[in-house]
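Notes follow the structure.
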Amino acid sequence: MIADDFAALKLFITGPTHIRPEIREAASLPEFGHRDKENDKRSGPIFDGLARLAQLPEGYRTFLINGSGSTCMEASIRSLVADDETLLNVTVGAFGDLYYNIALANGKKAVKLAFEPGRAVNPEKLAAAIDEHGASVVTLTHNETSTGVENDIVTLCKVVRDKGAMPLVDGVSIFGGADLRLAEARPAIYCTATQKSLALPAGFGIGFVSPEAAEKAATVSNKGHSTDILKQLDKAALGQALTTPNTALLNQMAVQLDYIVNTEGVQERFARHAKMREMAHSFVEGLDGFDLFAQEGFRSPTLTTVRCPRHVTADRLKSVLKERMRELGYLFDPGYGKLNGRLEQEGRAVMFRIGHMGDITPEMLSEYFEVLGEQLATL
Ligand SMILES: *Cc1c(COP(=O)(O)O)cnc(C)c1O
């Protein structure tokens, strides 16, 4: 059997993430018609659960778009940036760059404001860049998965609003692991996905849309079909997806959101993530020659980035450490490839990542640290 060769590794990467046995089993619940009333039994708990987990402000609406996080980001660009507007893409790493590249690929007038790897967005520089370029839309990354930086979206969205511009936020790797503070930040749209802190397989982008974003989308032309957030919202009002969804994933999603809201508890889930961040920081502080890569005060609750001693190369992380960890049953994350390439080229120390998001538990994490600590000592 072909599947006999599939390894059961414990995933400590930054997505996709560990899936609980109950959620794996939920994938074998019965298939159903996505336009049939059976769909409602899933969509009720899903949309309700998403709103509670996001602590969604009054008036915001949710859609599920087939694809993944970047599909939702693309829909936000296609639906909320007019051809004659200037879009400012603020980036602190690879996923900020992705938003910029999506904008360019869709023919939008985009300019980029970049910060050094490991640093958060500086609000004064953001304000100056909006003025300089006359930007009317700004994209922000809430949690930069390549560098482990969590930006303060409440402060940054306020800067964008004070300049009369509209903030679009990529929150792909943090939704489900922390309080997003959307009621204070009030982004026009917040894009996320299923396969990171929500601990489900990939398959949907998730969009949280403010009333003013829906109004603006009505004035933007050439939104495409599946990237039109108004078409998405129309179907979402029926609890449905615009195009045929993965019904196995909907089954899993309904079971997972019911569990998060009614069994684990939303606040308890956030507290578990905060605890795992503390654990990761203590682990790194206890390692000889390694230190935390991300700027203090802006360190992600869902992943931790670790700067290595100078003698450790990116290749050693990837070819040696990752393979040794695999033999021990774990999928280790040797850092974002392009970033480590850049760091090496600049003669700087490389880094690796520890994913501690979704349904990873403190017990699983401390077991991982025991094994990883032993292996790091031999590098
Ligand atoms: C993973 C990720 C994305 C890309 O999402 P996909 O679901 O792979 O399309 C975008 N932004 C951030 C911050 C991410 O972590």
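Counting starts at 1 for both ligands and their atoms, following the listed order.
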Charged tip of Arg61 within 45° of Phe208 ring normal and under 6.0 Å = no
Would Arg353 count as a cation-pi partner of Phe293, with NZ or CZ less than 6.0 Å from the six-membered ring centre and within 45° of the ring normal?
-> no
Among non-hydrogen protein atoms, atom 11 (N) of ligand 1 lies closest to Asp170 OD2, 2.6 Å
Counting only heavy atoms, which portion of Lys196 has something under 4.0 Å from ligand 1: side chain, backbone, both, or neither?
-> side chain
Can you pull out the closest protein heavy atom to atom 4 (C) of ligand 1? Residue, atom name and distance to 0.1 Å, please.
-> Phe95 CE2, 3.9 Å
Is Ile23 reachable from Met357 through a run of hydrophobic residues whose side-chain heavy atoms are each under 4.5 Å from the next?
-> no
Pair Tyr330-Gln375, side-chain donor/acceptor within less than 3.5 Å = no
Only one of Val149, Asp333, Thr14 clears side-chain contact (heavy atoms from CB on, under 4.5 Å) with Leu303; which?
-> Thr14
At under 4.0 Å between heavy atoms, what of Asn143 touches ligand 1? The answer is backbone
In ligand 1, which numbered atoms sit nearer than 4.0 Å to a non-hydrogen atom of Thr145?
-> 12 (C), 13 (C), 14 (C), 15 (O)
N/O to N/O below 3.5 Å, does that happen between Ala193 and ligand 1?
-> no
Out of Glu144, Glu74, Met73, Gln195, indicate the one that has the non-hydrogen atom closest to atom 8 (O) of ligand 1.
-> Gln195
Numbered in order shown, the ligand 1 atoms found under 4.0 Å of a heavy atom of Ser70 are 5 (O), 6 (P), 9 (O)
Rounded distance [0.5 Å steps], OG in Ser226 versus CG in Asn66 | 8.5 Å
Element-labelled atoms of ligand 1 that are located less than 4.0 Å from some non-hydrogen atom of Ser68 = 6 (P), 7 (O), 9 (O)
Cation-pi, Phe12 ring and Lys322 (6.0 angstrom, 45 degrees) | no
